[in-house]
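Chain naming here is simple, since letters A, B, ... match the order of the sequence lines and numbering starts at 1 in each.
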Amino acid sequence: MIFKIRDHFDLDKTLDCGQCFRWVKKSNYWSGVVNGYLSNVYFENQHLKIESDLNSLTFWKNYFDLDFDYSKPIKQFLNYGYPLSTATRENSGIHILNQDPWEVLCSFIISQNNNIPRIKSIIERLCRCYGTCHDKYYSFPSPKIISSLNISELSAIKAGFRAKYILDAAKCVSDLKVDLDSIYSMKSCDSLRYLQSINGVGPKVSSCVLLYGFHRTDCFPIDTWIKKVLHKFPDFNFDLLPHKGLAQIYLFSWIRSHPEYLE
DNA sequence: GCCCAGGGAATCG
DNA sequence: CGATTCCATGGG
């Protein structure tokens, strides 16, 4: 299927900004597994082309967030001063994906005290070992599947100390002690506390789940890089900024590509 | 060998 | 309470 893109949209940055971990860049397209379906995505002259057995216009429009009006927050960010103005100028093509909440939760548990290449390799092993095999790719394993494992079986993915956190999350989610669907009707501050009832889920991981799995742009995940930015620019106050989660994404991408600006 | 990586729990003053 | 330490693993 094909979408005509009106606003500025950068597919490369959207899939390579650290919000998702299973998309792989091929020659002129991206290949990934989304909700159990192998999908290939192309972008050329303002058209987004998607080849996937997941053949739903509304799903993909939502996944790539094509109905959200980015122009207003972008305009505000551009007038908010350095460094957000610069970060926005360089990264305003990024869209916030609407990913599967369980995959986001599990992925960002794995992300803690870790680096992006290794996060990807651990997730890949998780899918290969315990996901469902379709022809030549693997779906992301369900919470029920993972909750049936013991800690030594999970050690195969080499997640280290995070393995016990993955197990607790899978158990909580599969027996509905943490009902992810209920979050859709909860306020962000309540869902943050709710998610943090999972062992291994704190302020940062819960914020990422809400931002990348539920499009809660009022959440502002503070990781090591954002911490450095806030320390370097103490006058920058995001508390009252609308859609500050989007600002966080721009700032994260910006500082990752220019770490020298911290000196 | 040492340091760090999209943090959070356990422990300590 | 806030501050520090530990947690597995792998690449630089």
Side-chain angles (χ1 to χ4, degrees), chain A residues 13-23 83-84 87 90-91 94-97 99-126 128-129 149-173 178 191-217 219-233 236 238 244-263:
Chain A
K13 285 189 173 176
T14 295
L15 297 181
D16 199 30
C17 72
Q19 62 174 321
C20 53
F21 302 101
R22 293 203 73 197
W23 285 100
L84 183 56
E90 290 185 16
N91 295 289
I94 296 177
H95 277 207
I96 305 175
L97 299 176
Q99 304 178 70
D100 172 62
W102 161 245
E103 181 171 338
V104 177
L105 171 60
C106 200
S107 298
F108 279 92
I109 285 174
I110 292 169
S111 80
Q112 65 178 262
N113 196 29
N114 212 340
N115 57 65
I116 290 180
R118 218 172 78 84
I119 295 166
K120 288 179 177 173
S121 66
I122 292 171
I123 291 173
E124 194 52 35
R125 283 191 291 271
L126 178 67
R128 278 181 187 279
C129 291
L149 304 172
N150 59 49
I151 197 76
S152 61
E153 291 174 295
L154 204 51
S155 70
I157 70 172
K158 300 183 178 182
F161 65 90
R162 308 164 192 87
K164 55 182 181 292
Y165 299 154
I166 297 171
L167 271 186
D168 187 55
K171 286 175 182 166
C172 286
V173 172
V178 172
S191 15
L192 285 172
R193 275 190 292 104
Y194 188 49
L195 286 166
Q196 287 172 28
S197 66
I198 299 168
N199 190 27
V201 175
K204 194 271 178 181
V205 170
S206 53
S207 300
C208 286
V209 173
L210 290 185
L211 183 56
Y212 304 132
F214 296 90
H215 210 275
R216 297 294 174 84
T217 58
C219 295
F220 190 92
I222 299 180
D223 61 85
T224 52
W225 290 94
I226 293 297
K227 220 173 270 178
K228 291 174 193 172
V229 171
L230 295 179
H231 184 257
K232 175 75 180 176
F233 306 97
F236 178 70
F238 59 86
K244 57 193 174 194
L246 183 61
Q248 191 272 5
I249 294 174
Y250 294 163
L251 288 166
F252 179 79
S253 294
W254 171 72
I255 201 60
R256 289 301 301 262
S257 47
H258 310 289
E260 69 273 14
Y261 292 170
L262 289 170
E263 283 310 317

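With rounding to whole Å, A:Ile119 atom CD1 is found 17 Å from B:dC4 atom P. One atom, CG of A:Leu262, and another, P of B:dA5, lie 11 Å apart when rounded to the nearest Å.
By the 30° and 60° cut-offs, the orientation of the rings of A:Phe238 relative to A:Phe220 is parallel. The aromatic rings of A:Tyr165 and A:Phe161 sit perpendicular to each other, their planes meeting at more than 60°, with 30° as the lower class boundary.
Taking the side chain as every heavy atom from C-beta outward, A:Ile226 and A:Pro221 never approach each other to under 4.5 Å.
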Quick one: which protein N/O atoms are closer than 3.5 Å to N/O atoms of nucleotides 1-3 of chain B? Pair and distance per line, please.
none

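A donor-acceptor pair under 3.5 Å is absent between the side-chain atoms of A:Thr217 and the main chain of A:Leu246, judged by distance alone. At least one donor-acceptor pair under 3.5 Å links the side chain of A:Ser121 to the backbone N or O of A:Arg118. In this structure, the side chain of A:Gln19 does not engage the main chain of A:Leu211 through any donor-acceptor pair within 3.5 Å.
Among the protein residues, A:Lys228 comes within range of the sugar-phosphate backbone only, with heavy atoms under 4.0 Å from sugar or phosphate atoms but none that close to a base.
Non-hydrogen atoms lying under 4.0 Å from DNA chain B are contributed by A:Asn199, A:Gly200, A:Val201, A:Gly202, A:Pro203, A:Lys204, A:Val205, all within residues 195-210 of chain A.
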Just do the ring pair (Phe, Tyr, Trp, His ring centres under 6.0 Å) check on A:Phe108 and A:Phe21 with the steps written out, would you? CA-CA 10 Å; A:Phe108 279 92; A:Phe21 302 101; 5.3 Å; yes

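Taking a 6.0 Å sphere around NZ of A:Lys13, one finds it holds more than 12 heavy atoms contributed by other residues, nucleotides or ligands.
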Under a 4.0 Å heavy-atom criterion, the protein footprint on nucleotides 5-12 of chain C, written with B, S and -, is --BBBB--

